[in-house]
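Okay, structure first, notes after.
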Amino acid sequence: MTGASTAQHVKILFRLEQDEDGYPPVSAETLWAIKVDENLYKLDNIPFFATGIAVEDVVLAELETGQLLYKEVVHPSGHSTFRVVVYNHDEVPEVRETFKQLGCSTEQSHLRGLIAIDVPPSVSWNELKRVLNTGREQDRWDYEEACLARS
């Protein structure tokens, strides 16, 4: 969880559609969130597989069969979400530090080499794209734009 809040955290279920190659490798993902109003929750961790959502987005979720199920983004946070697959797994700590130096937060997946990156609105978009594209050109990683800011 990214926040240091003492607020009550809940898990929200995001259903995922897998492509013909079986990606993402799961059919659902759960994310931590903080309740802000009736059926409204602020996301408090970086998604690894769900797209179109980012840290601090306020989302609508409804209780179905005992689980909070994601319905839609109600208020975008202005954050963006990227995912990076680092080819040399030994470089993961260094790559995470690179993005931290830009002002981003990262989380490492249980899948070796997969990093989820939260890009707050304060981060220089030009510098971020330069770093992402340089790593791709050097064949160190590939990346995916999972959610671009809609502030």
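Both backbone and side-chain heavy atoms feed into the values below; hydrogens, waters and symmetry mates do not. Keep in mind that this is a model prediction, so the values were computed, not measured.
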Next item on the list: Report yes if some heavy atom in the side chain of D90 is under 4.5 Å from a heavy atom in the side chain of V92; otherwise report no.
Entry: no
Next item on the list: Would you check if T98 and K100 make a side-chain contact, meaning some heavy-atom pair closer than 4.5 Å?
Entry: no
Margin query: Would you say CD of E17 has more than 12 non-hydrogen atoms from neighbouring residues, nucleotides or ligands within 6.0 angstrom?
Written below: no
Next item on the list: Kindly indicate whether the side chain of L114, heavy atoms from C-beta on, has any atom under 4.5 Å from the side chain of F49.
Entry: yes
Check: Is a side-chain donor-acceptor pair under 3.5 Å present for H9 with D44?
Finding: yes
Checklist line | Min side-chain heavy-atom separation R96-E91 under 4.5 Å | finding: no
Next item on the list: Determine whether the aromatic ring centres of F82 and W125 lie less than 6.0 Å apart.
Entry: yes
Check: Are V84 and D142 close enough that some pair of their side-chain heavy atoms sits under 4.5 Å apart?
Finding: no
Note to self: With heavy-atom distances below 4.5 Å as the criterion, would you say the side chains of Y143 and K129 are in contact?
What the structure shows: yes
Notebook entry, point to check: Within the side chain of Q18, is there an N or O that forms a donor-acceptor pair under 3.5 Å with the backbone of P24?
Noted result: yes
Notebook entry, point to check: Heavy-atom distance under 4.5 Å between the side chains of Q101 and E127, does that happen here?
Noted result: no
Checklist line | side chain to side chain contact (heavy atoms under 4.5 Å, CB included) between T106 and D118, worked out | finding: CA-CA 6 Å; T106 66; D118 169 53; over 6 Å; no
Next item on the list: Determine whether T81 and P47 make a side-chain contact, defined as any pair of heavy atoms from C-beta on separated by less than 4.5 Å.
Entry: yes
Check: Is a side-chain donor or acceptor of D57 paired with a backbone partner of V73 at a separation under 3.5 angstrom?
Finding: no
